[in-house]
Amino acid sequence: RYVKKGQTTEYLKISEGCDNHCTYCAIPNIRGRHRSRSPETILKEAQTLYDSGVRELILVAQNLTQYGVDLDRDYDLADLLDELAGRISFTWIRLLYMYPEGIDEKLLDVINRHNNICPYFDMPIQHTEDEILHRMGRRIDKKEIYGKVNLIRKKCPDAVLRTTVIAGFPGESEAQFDAMLQTLSELKFERLGAFAYSQEEGTPAAEMPDQIDDDVKEERVRQIYEQQEAISTQWSTRWIDQEMTVLIDEIDENGIAIGRTWGDAPEIDGDVIIETSQPEPGHFYRVKIVDAIGFDLIGEVINESTK
């Protein structure tokens, strides 16, 4: 596998396809049924990436927590992570797109066991209200969502939870949207992406009655983000005057360093902005957080950590 020289962050796909058949999603039609790669090929590719200088490895799949269900052995995502984190010395191993149904105590115990696995949970719920979840074809209900969030926070007190939700799904009433907004305010996901429902050709949801006007959907998205900014700011401000490890991604045209903490995935979450020195991209630094602005942190470099 080719890795660009100096590349510190890389993605590694561990499975392909999806068996969930959510009514709004065309992925099963495009990608086919879920197929796990063998642990041996994943570990071999991971070692190649590490030997090429990669220090943040991001595992991806259409549904990460489904990994291993189709293998002819008793082996799952927790087993893969245990081997990967124990055998290869990545600084950060990050997990993207974990369906909540597959997050259990075994997986959380492995994440706690290895300090190079980021306690970052990208857990798309898409909605919180049972009727809408059922219409979406999701395999979880509101009570179970609360249970998963509480379990993660109990087992991993420093966890950062990220989710995505869809506003304006066909038939979503004003009361159901308000209930989702209230539930999100209680669950307090540190990171959240909201999307207006969009009809995907060939999916059951595209043919459902009670499609919602675009302006209503966009207004609901706006309300979600307005609420979420305050929640994310709460998380950010708790770090003021504390030290964090930060990976520098780039130096912008104004000479300002842009980095990330273990609680921020590239391109989708917040940044750490450093104006007072010239850290080198691709390196990890200990940074003192001096301020928080919206979703971003302002920091000062204390010393270089390890690459």
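All values below come from the heavy atoms of this structure, side chains included, with hydrogens, waters and symmetry mates left out. What you see is a predicted model; the values in this text were computed from it and never measured. For this chain, numbers begin at 1 and follow the sequence in order.
- Formation of a donor-acceptor pair under 3.5 Å by the Q228 side chain with backbone atoms of G193 is not found in this model.
- The backbone N or O of I256 lies less than 3.5 Å from no partner atom in the side chain of N254, so there is not a single donor-acceptor pair.
- Evaluated for a side chain to side chain donor-acceptor pair (under 3.5 Å) with Q223, the options Q227, E219, R220 yield exactly one hit, E219.
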Go through the steps for V54 and F90 under the test side chain to side chain contact (heavy atoms under 4.5 Å, CB included), then give the verdict.
CA-CA 8 Å; V54 171; F90 290 104; 4.0 Å; yes
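- Taking the ring axis of F169 as reference, the NZ or CZ atom of R135 does not stay both within 45° of it and closer than 6.0 Å to the ring centre.
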Stepwise side chain to side chain contact (heavy atoms under 4.5 Å, CB included) test for S236 and F295:
CA-CA 7 Å; S236 298; F295 299 99; 5.8 Å; no
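- Panel note: side chain T65, backbone Y99; a donor-acceptor pair is recorded below 3.5 Å.
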Decide yes or no on salt bridge (charged side-chain N to carboxylate O under 4.0 Å, His left out) for E226 and R222, but give the supporting numbers first.
CA-CA 6 Å; E226 185 178 88; R222 186 197 66 77; 3.0 Å; yes
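- Electrostatic pairing of E190 and R162 does not count as a salt bridge here, judged by no charged N lying under 4.0 Å from a carboxylate O.
- Screening Y120, F284, W262 for a ring pair (Phe, Tyr, Trp, His ring centres under 6.0 Å) with W92, the sole residue that qualifies is F284.
- Panel note: side chain T203, backbone Q199; no donor-acceptor pair is recorded below 3.5 Å.
- Under 4.0 Å is where a charged nitrogen must lie from a carboxylate oxygen, and between D214 and K217 at least one such pair does.
- A donor-acceptor pair under 3.5 Å is absent between the side-chain atoms of D271 and the main chain of I273, judged by distance alone.
- Between L192 and Y225 the shortest heavy-atom distance is O-CE2, 3.7 Å.
- With D82 as reference, R113 is the one residue of R113, K106, R87 to meet the side chain to side chain donor-acceptor pair (under 3.5 Å) rule.
- Formation of a donor-acceptor pair under 3.5 Å by the D213 side chain with backbone atoms of V216 is not found in this model.
- Of the possible donor and acceptor atoms, none in the side chain of D249 sits under 3.5 Å from a partner among the backbone N and O of G282.
- Salt bridge annotation for D264-R191: present, with a cationic side-chain nitrogen under 4.0 angstrom from a carboxylate oxygen.
- Aromatic rings from Y197 and Y24 are positioned such that their centres are separated by 6.0 Å or more.
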